[in-house]
Amino acid sequence: MQEQNASSGEFLCAHDDVVERVTSYLPADEILYDLAELFKVFGDSTRIKILYILFESEMCVGDIAQLLKLTQTAVSHQLRVLKNNKLVKFRREGKVVFYSLADDHVRSIIGQGMEHIGE
């Protein structure tokens, strides 16, 4: 255990064994950066609303725009962000593109968030 002077900006107390153990479990900085970027996507209420809509049904941009009272351009932009972050997927049917949740992880992430804020 190390103790150093706090006024010099050094560590007041360091338990080397604990620090070493925790360091061995800490993911690489690149992975933590990617995780932080993913959570930023959830920081927009419009994107959260889109995800909730897609919980219920696969939908096209026009229908989502109508539900949210937004322009198709605004919805397309948000869907692009969600797609780039692998939260939604799409399929074409002629000229119409339908969006849906990428997988059940998306539902779990939102569900756990709702559970957390409900506590």
Side-chain angles (χ1 to χ4, degrees):
M1 183 170 82
Q2 299 175 353
E3 289 190 35
Q4 298 178 357
N5 186 346
S7 63
S8 68
E10 297 293 329
F11 300 108
L12 198 54
C13 178
H15 298 88
D16 294 332
D17 56 332
V18 175
V19 170
E20 191 173 314
R21 182 174 45 81
V22 171
T23 300
S24 71
Y25 288 105
L26 200 59
D29 286 346
E30 301 82 34
I31 293 172
L32 293 175
Y33 174 81
D34 290 346
L35 182 60
E37 289 301 308
L38 174 65
F39 280 117
K40 283 181 187 179
V41 174
F42 291 100
D44 181 278
S45 62
T46 299
R47 289 192 287 264
I48 296 291
K49 287 176 188 176
I50 291 170
L51 292 172
Y52 259 97
I53 287 168
L54 296 177
F55 280 2
E56 298 304 318
S57 178
E58 162 184 89
M59 294 187 97
C60 67
V61 175
D63 290 342
I64 297 170
Q66 184 178 348
L67 270 166
L68 297 178
K69 297 176 178 43
L70 295 172
T71 65
Q72 288 189 21
T73 303
V75 170
S76 291
H77 170 74
Q78 298 302 340
L79 284 165
R80 192 174 319 106
V81 171
L82 292 168
K83 184 174 62 106
N84 290 342
N85 285 278
K86 300 176 185 153
L87 298 171
V88 300
K89 60 184 178 182
F90 69 95
R91 69 173 181 86
R92 276 189 199 282
E93 196 171 291
K95 291 184 177 184
V96 181
V97 177
F98 290 92
Y99 289 86
S100 60
L101 295 179
D103 56 39
D104 283 338
H105 291 120
V106 180
R107 193 179 300 270
S108 296
I109 292 167
I110 298 287
Q112 288 182 352
M114 288 298 285
E115 190 176 314
H116 182 74
I117 63 171
E119 293 179 347

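- Of all non-hydrogen atoms in Ala74 and Thr71, the two that sit nearest each other are N-OG1, 3.0 Å.
- Among residue pairs with one or both ends in residues 23-50, none qualify as ring pair (Phe, Tyr, Trp, His ring centres under 6.0 Å); sequence neighbours excluded.
- A donor-acceptor contact shorter than 3.5 Å links the side chain of Asp44 to the backbone of Thr46.
- Shown here for Val41 and Leu87, the closest heavy-atom pair between the two residues is CG1-CD1, 3.6 Å.
- Hydrophobic clustering (side-chain heavy atoms under 4.5 Å, transitive across Ile, Leu, Val, Met, Phe, Trp, Tyr) groups Ile48 together with Ile117.
- Annotation for Glu20: atom CD does not count as buried by contact number, only 12 or fewer foreign heavy atoms lying within 6.0 Å.
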Side-chain donor-acceptor contacts of residues 50-66 below 3.5 Å, not counting sequence neighbours, with atom names and distances?
{"unit_1": "Glu58", "atom_1": "OE1", "unit_2": "Arg91", "atom_2": "NE", "d": "3.2"}
{"unit_1": "Glu58", "atom_1": "OE1", "unit_2": "Arg91", "atom_2": "NH2", "d": "2.7"}
{"unit_1": "Glu58", "atom_1": "OE2", "unit_2": "Arg91", "atom_2": "NE", "d": "3.0"}

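- More than 12 non-hydrogen atoms from other residues, nucleotides or ligands lie less than 6.0 angstrom from CG of Asn84.
- For the atom pair Arg47 CZ and Asn85 CG, the distance stands at 8.0 Å (nearest 0.5 Å).
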Do any side-chain atoms of residues 94-103 form donor-acceptor pairs under 3.5 angstrom with protein atoms, and if so which ones, sequence neighbours left out?
{"unit_1": "Asp103", "atom_1": "OD1", "unit_2": "His105", "atom_2": "N", "d": "2.9"}
{"unit_1": "Asp103", "atom_1": "OD1", "unit_2": "His105", "atom_2": "ND1", "d": "3.4"}

